[in-house]
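First the structure, in the form of structure tokens, and then the observations on it.
A note on names: the letters A, B, ... follow the listed sequences, proteins ahead of strands, and every chain is numbered from 1. Please read these numbers as outputs of a predicted model, since none were measured by experiment.
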Amino acid sequence: MSIEERQQEIVEEFSVFGDWMEKYEYIIDLGKELPLIDEQYKTEDNLIKGCQSRVWLHADQAADGRIQFTADSDAIITKGLVALVIRALNDQTPEAIASADLHFVNDIGLSEHLSPTRSNGLASMIKQMKLYGVAYSVKDK
Amino acid sequence: MSIEERQQEIVEEFSVFGDWMEKYEYIIDLGKELPLIDEQYKTEDNLIKGCQSRVWLHADQAADGRIQFTADSDAIITKGLVALVIRALNDQTPEAIASADLHFVNDIGLSEHLSPTRSNGLASMIKQMKLYGVAYSVKDK
Amino acid sequence: MTISPADIESIRKKFPVLHQKVNGRPLVYLDNAATTQKPLSVIESLDHYYKTTNANIHRGAHHLAHQATVMFENTREKIRTFINARESAEIIFTSGTTDSINLVAQTWGRMNIQAGDEILLSHMEHHSNIVPWQMLAEEKGATIQVIPVTEQGEWQIEMIDSLLNKKTKLVAVNHVSNALGTINPVATLIEKAHAIGAKILIDAAQSVAHFATDVQKLNCDFLCFSGHKMYGPTGTGVLYGKRELLEAMPPWRGGGEMIKSVSFEKTTYNEIPHKFEAGTPHIAGVIALGAAVDFIQEMSWSEIEAHESELLLDATEQIQTMDGLRIFGTSANKTGVISFGVEGIHPYDIGTLLDKQGVAVRTGHHCTEPLWNRFGVPGSVRASFAVYTTKDEIELFVAALNKSISMLK
Amino acid sequence: MTISPADIESIRKKFPVLHQKVNGRPLVYLDNAATTQKPLSVIESLDHYYKTTNANIHRGAHHLAHQATVMFENTREKIRTFINARESAEIIFTSGTTDSINLVAQTWGRMNIQAGDEILLSHMEHHSNIVPWQMLAEEKGATIQVIPVTEQGEWQIEMIDSLLNKKTKLVAVNHVSNALGTINPVATLIEKAHAIGAKILIDAAQSVAHFATDVQKLNCDFLCFSGHKMYGPTGTGVLYGKRELLEAMPPWRGGGEMIKSVSFEKTTYNEIPHKFEAGTPHIAGVIALGAAVDFIQEMSWSEIEAHESELLLDATEQIQTMDGLRIFGTSANKTGVISFGVEGIHPYDIGTLLDKQGVAVRTGHHCTEPLWNRFGVPGSVRASFAVYTTKDEIELFVAALNKSISMLK
Ligand SMILES: Cc1ncc(COP(=O)(O)O)c(C=O)c1O
Ligand SMILES: Cc1ncc(COP(=O)(O)O)c(C=O)c1O
């Protein structure tokens with residue numbers, strides 16, 4: 001599935017929710033599920049510091065050149081949002097990641113979490129993921 | 001004539017004026033008439049500095065204990081106002097000067113010139129005159 | 001004597017911002033320690049000023065400039081009365097508490113603090129009352145001493161005598177902690193500071209809107225606060241200082257208004273308060289700050305205090321029994337601030353879910369990082385009240401909090 | 001292409017303050033160099049903010065805080081576009097031009113100016129662009145050099161090359177003189193300053209509202225201006241600085257927002273622009289400043305310039321022939337400012353009588369004392385125009401001036 005298809009899938013999933021609380025219930029569930037990052041990667045280097053909650057992000061390139069992300073956050077809602085972003089971008093080519101337009105966050109009404117002012121590290125995480133995309137696609141050449 | 005009577009006289013004089021310009025014409029005329037301060041008294045010491053126009057004030061005590069003021073200003077409207085104040089306070093006892101309530105400035109609609117923010121030195125001059133009043137009445141005892 | 005619910009309703013009518021829905025729910029604004037809302041009289045004062053009077057002050061000979069100056073200086077006199085300063089020249093307008101504290105640090109501080117001197121703060125200071133002193137201490141080779149804070153969120157009083165010594169040149173503490181709500185015993189500290197010859201600055205950002213302040217009775221040397229936390233406009237602040245100190249201090253910002261005369265050979269400075277008010281001030285804001293003082297003074301302090309402490313009691317009772325919830329700051333002397341955490345839950349998550357239910361609180365470190373390091377947590381959820389907060393809002397808050405915790409557990 | 005009288009009328013409708021009588025006469029507001037009036041959109045922006053959004057910014061997780069932050073940061077982007085900075089992080093919000101200049105003097109200045117260095121100003125600087133440098137020079141043992149001013153009120157251009165030398169570390173000049181209206185050839189000076197390795201600060205307080213400013217094209221290192229002189233609220237200002245300079249500068253005010261993390265052991269500072277924005281900013285004012293930028297940008301610069309220079313020409317023609325009247329500042333490059341004196345008459349007298357006829361001008365030294373010392377007079381009467389000034393107002397001004405002079409002669 002392409003990044004675009006995954007985004008559509010997420011948007012569809014969210015379309016069934018009647019109100020904010022249902023959406024957040026789902027996000028919290030996602031947060032609880034996210035496979036924890038390997039402890040060895042929870043380093044200062046992999047830390048993306050928001051003013052409020054913290055996000056750790058680790059990227060790996062598989063043999064086929066696609067990128068695998070694992071991540072964690074100390075706040076569960078942030079972690080749920082991180083899970084959604086990873087679901088959209090994981091296992092994609094560096095080029096696709098670098099050029100992705102992550103409109104789904106907006107589509108499901110959560111764009112405020114992307115604002116740099118939200119201080120939850122999510123916006124910085126997406127920026128970091130795209131930088132990984134760029135870095136790996138340059139390396140591949 | 002007491003300070004109070006002089007003030008009433010001034011207020012009456014001003015009551016004939018129909019508009020601002022007539023009042024100011026009169027004030028300007030007064031400014032032109034004020035006997036200039038003796039040059040020897042136009043010193044830094046006698047200078048009351050407003051931000052905009054400057055006022056020089058000199059006080060003398062006559063043999064009967066009453067005070068004589070002479071003054072000057074580099075702005076003619078200020079000088080006219082100074083002339084009015086001197087007319088009210090001149091040749092009065094130190095005690096009367098120290099305790100005078102100069103309501104006439106207000107009564108003739110010129111209170112704004114008394115505001116310390118007006119920066120024309122008039123308010124500071126009146127303060128200075130009263131200080132002379134206080135100083136001479138203490139000295140007399 | 002507390003304010004009746006009917007009175008609170010009529011007070012609330014003056015605050016248009018309170019009557020709105022957020023995320024589909026009625027707004028419950030409990031972020032008053034960050035900034036209070038503004039009554040109509042303050043908003044209309046700004047409006048009126050800009051629509052009828054706007055002019056630059058102090059130097060103008062024309063009608064509008066005169067009016068604006070009188071209005072501006074009226075607020076100075078109102079602030080003088082509000083904190084009972086001896087004279088209005090001791091009231092300096094700044095852009096906020098932070099600006100006021102920095103002014104003292106960079107003028108009085110630079111002039112009086114030397115290598116080896118000590119500056120005494122407390123462990124519950126706001127960053128704005130830490131960083132300026134750290135910068136000064138670093139520049140001068142002075143050191144920062146810290147009054148420790150107990151588990152209850154109070155100063156460790158018995159430590160004070162040993163912390164104050166001949167090297168202590170300045171004490172700088174808040175009257176009320178923005179993070180905990182603790183009302184600190186500043187009167188005692190002021191006396192002790194003076195006894196050893198130190199000066200003392202009170203950060204009153206969190207106190208001036210909640211109980212009466214009397215600088216003469218307190219006898220503090222400096223007092224700093226912000227307009228926006230006392231129902232006034234943003235961009236306004238006050239520094240009170242004793243005349244003899246302000247007069248001896250060098251100026252900070254150079255520019256128009258703060259000078260007596262300027263030449264390339266020799267510039268002389270103006271008298272206080274103007275010496276510290278370089279440039280065009282926030283004229284509209286200062287004038288509207290006068291309206292904020294009027295708003296507060298139309299009520300009585302005993303009413304305000306009774307109402308806010310009733311809210312505090314009410315909220316505390318209801319949330320303290322929640323499972324895993326810990327209140328930070330359990331002093332018997334508190335303003336209407338509740339800071340708390342729930343075991344295993346990040347404050348940010350609680351704040352986000354409360355927001356979705358219309359309840360505005362603050363989460364995070366509230367600019368008091370050292371305090372949270374002391375408590376061993378990254379921060380808290382903070383609900384803070386104002387005179388327009390109602391008991392019904394406390395109910396909504398408690399219900400939303402219950403719901404949030406159950407979702408996150 | 002100038003603005004039609006009908007367009008000016010519809011612009012004037014946006015300024016409620018203009019439609020009033022002063023001393024029984026229609027107000028003719030010609031004190032725009034001191035502060036401009038505010039359009040309804042700016043006033044309503046403040047009103048709207050306080051009635052619907054008011055919250056503290058950057059650190060809040062709730063809806064209002066988020067909204068307020070977005071609106072605040074929108075203005076930063078608008079200012080970036082307005083002066084064509086590379087990035088919005090180069091835009092620092094301050095409380096005014098004076099605050100901006102002092103920030104540079106006390107951070108960049110303290111770090112870079114040493115004993116023996118020279119700071120080059122001009123003889124027509126505003127006190128706000130003199131005193132901060134005098135204070136710095138005194139502290140560091142540096143010296144102030146001054147570009148002389150000609151009888152026409154222009155820089156003595158031929159002196160510049162000899163004034164700039166290896167010791168010159170900073171040049172600080174205004175783009176437009178508030179006292180004379182002269183538009184100074186800053187582009188040339190910026191190039192010359194850079195050629196010898198000096199940095200250059202432009203005081204744009206009097207220019208940003210009257211013609212386009214492009215900091216990249218100018219290539220100045222710092223640029224400072226005030227909101228209240230560009231149709232915006234009081235208490236707002238901007239410091240533009242090149243990223244590499246801002247990054248290398250130490251912070252000035254310490255406090256909330258300007259830190260990355262605080263502990264008593266080690267405090268680290270935030271990135272630009274936040275590093276220089278300690279404490280709660282003037283949130284409402286900054287947001288309304290965005291509305292002021294919109295107001296300006298709804299017009300075209302060529303229209304604004306054409307209109308204001310037509311007013312200048314008109315007024316100049318009519319008053320220059322008056323008996324004993326001398327215009328200070330007769331450059332061919334001027335904004336809408338006329339400064340003048342009449343032989344044997346004190347400026348204060350003229351100002352007072354104009355005021356009584358409804359005409360608001362400024363009299364005195366306009367915070368440029370050294371300039372008046374150079375001209376050998378204590379000050380001037382200054383009439384200054386804005387985009388809403390009309391030709392009819394010029395007529396009223398000229399008539400009132402004639403009447404005043406005849407009364408005073
Ligand atoms: C050229 C110039 N520079 C600086 C200033 C100071 O601006 P502010 O008073 O807004 O700080 C002014 C305004 O008076 C000015 O005209
Ligand atoms: C105790 C205390 N001190 C200082 C400040 C700083 O105030 P401001 O941000 O208005 O400068 C605050 C507000 O955040 C505070 O609560």
Side-chain angles (χ1 to χ4, degrees), chain C residues 16-17 22-23 34-35 37-38 43 46-47 50-52 54-56 59-64 95-96 98-99 102 127-128 130-132 134-135 144 146 228 233-235 253-256 259 261-264 267 278-280 282-285 348 351-352 355 360 362-364 367 369-370 373, chain D residues 16-17 22-23 34-35 37-38 43 46-47 50-52 54-56 59-64 95-96 98-99 102 127-128 130-132 134-135 144 146 228 233-235 253-256 259 261-264 267 278-280 282-285 348 351-352 355 360 362-364 367 369-370 373:
Chain C
V17 77
V22 157
N23 296 316
T35 197
Q37 298 301 339
K38 322 302 172 201
I43 304 174
L46 293 168
D47 200 74
Y50 283 129
K51 284 184 178 165
T52 66
N54 177 64
N56 213 328
R59 286 155 295 181
H62 61 78
H63 177 76
L64 295 183
S95 64
T98 304
D99 197 39
N102 278 277
H127 294 166
S128 291
I130 298 176
V131 185
Q134 286 185 319
M135 290 164 65
I144 304 283
V146 183
H228 73 96
T234 60
R253 276 176 284 238
I259 53 92
S261 94
V262 171
S263 73
F264 288 114
T267 289
T280 305
H282 182 7
I283 307 169
Y348 180 78
T352 303
D355 178 46
R362 184 137 304 221
T363 62
C367 295
E369 280 189 60
N373 291 341
Chain D
V17 78
V22 158
N23 295 317
T35 196
Q37 298 302 339
K38 322 303 171 200
I43 302 174
L46 293 168
D47 200 74
Y50 283 128
K51 284 184 180 166
T52 67
N54 177 63
N56 213 327
R59 286 155 296 180
H62 62 78
H63 176 75
L64 296 183
S95 65
T98 304
D99 197 38
N102 279 276
H127 294 165
S128 290
I130 298 176
V131 184
Q134 286 185 320
M135 289 164 65
I144 304 283
V146 183
H228 73 95
T234 58
R253 276 176 284 237
I259 54 91
S261 95
V262 172
S263 73
F264 288 114
T267 290
T280 304
H282 182 7
I283 306 170
Y348 180 78
T352 302
D355 178 48
R362 186 138 302 224
T363 61
C367 293
E369 280 189 59
N373 290 342

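- Only the side chain of C:V146 comes within less than 4.5 Å of a heavy atom of chain D; its backbone N, CA, C and O stay farther away.
- Between the side chain of C:H228 and the main chain of C:P233, no donor-acceptor pair closer than 3.5 Å is present.
- Top candidate by heavy-atom pairs under 4.5 Å with chain C, chosen from D:I259, D:I144, D:N23, is D:I259.
- Among the candidates D:L46, D:I43, D:N373, the residue making the largest number of heavy-atom pairs closer than 4.5 Å to chain C is D:I43.
- The residue among C:V262, C:T267, C:T35 with the most heavy atom pairs within less than 4.5 Å of chain D is C:V262.
- Considering OG of C:S263 and CD of D:E369, their distance stands at 8.0 Å, rounded to 0.5 Å.
- Between chain C and the residues D:K51, D:K38, D:Q134, the largest count of heavy-atom pairs under 4.5 Å involves D:K51.
- D:T234 places a side-chain N or O within 3.5 Å of a backbone atom of C:A284 that can act as its donor or acceptor partner.
- The backbone N or O of C:A278 lies less than 3.5 Å from no partner atom in the side chain of D:T98, so there is not a single donor-acceptor pair.
- Contacts of C:Q37 with chain D are made by both backbone and side-chain atoms, with heavy-atom separations under 4.5 Å.
- Contacts with chain C were tallied for D:V22, D:T52, D:N102, D:L64; D:N102 has the most, counting heavy-atom pairs under 4.5 Å.
- For the pair C:D355 and D:H63, the tightest heavy-atom approach, listed with the atom from each and the gap, is OD1-N, 2.8 Å.
- Not a single donor-acceptor pair under 3.5 Å links the side chain of D:T363 to the backbone N or O of D:G351.
- With a 4.5 Å cut-off on non-hydrogen atoms, D:I283 touches chain C through its backbone and its side chain both.
- One finds a salt bridge joining D:R253 and D:D99 here, because a Lys/Arg side-chain nitrogen approaches an Asp/Glu carboxylate oxygen to under 4.0 Å.
- For the set D:P370, D:C367, D:G279, the entry with the most heavy-atom pairs within less than 4.5 Å of chain C is D:P370.
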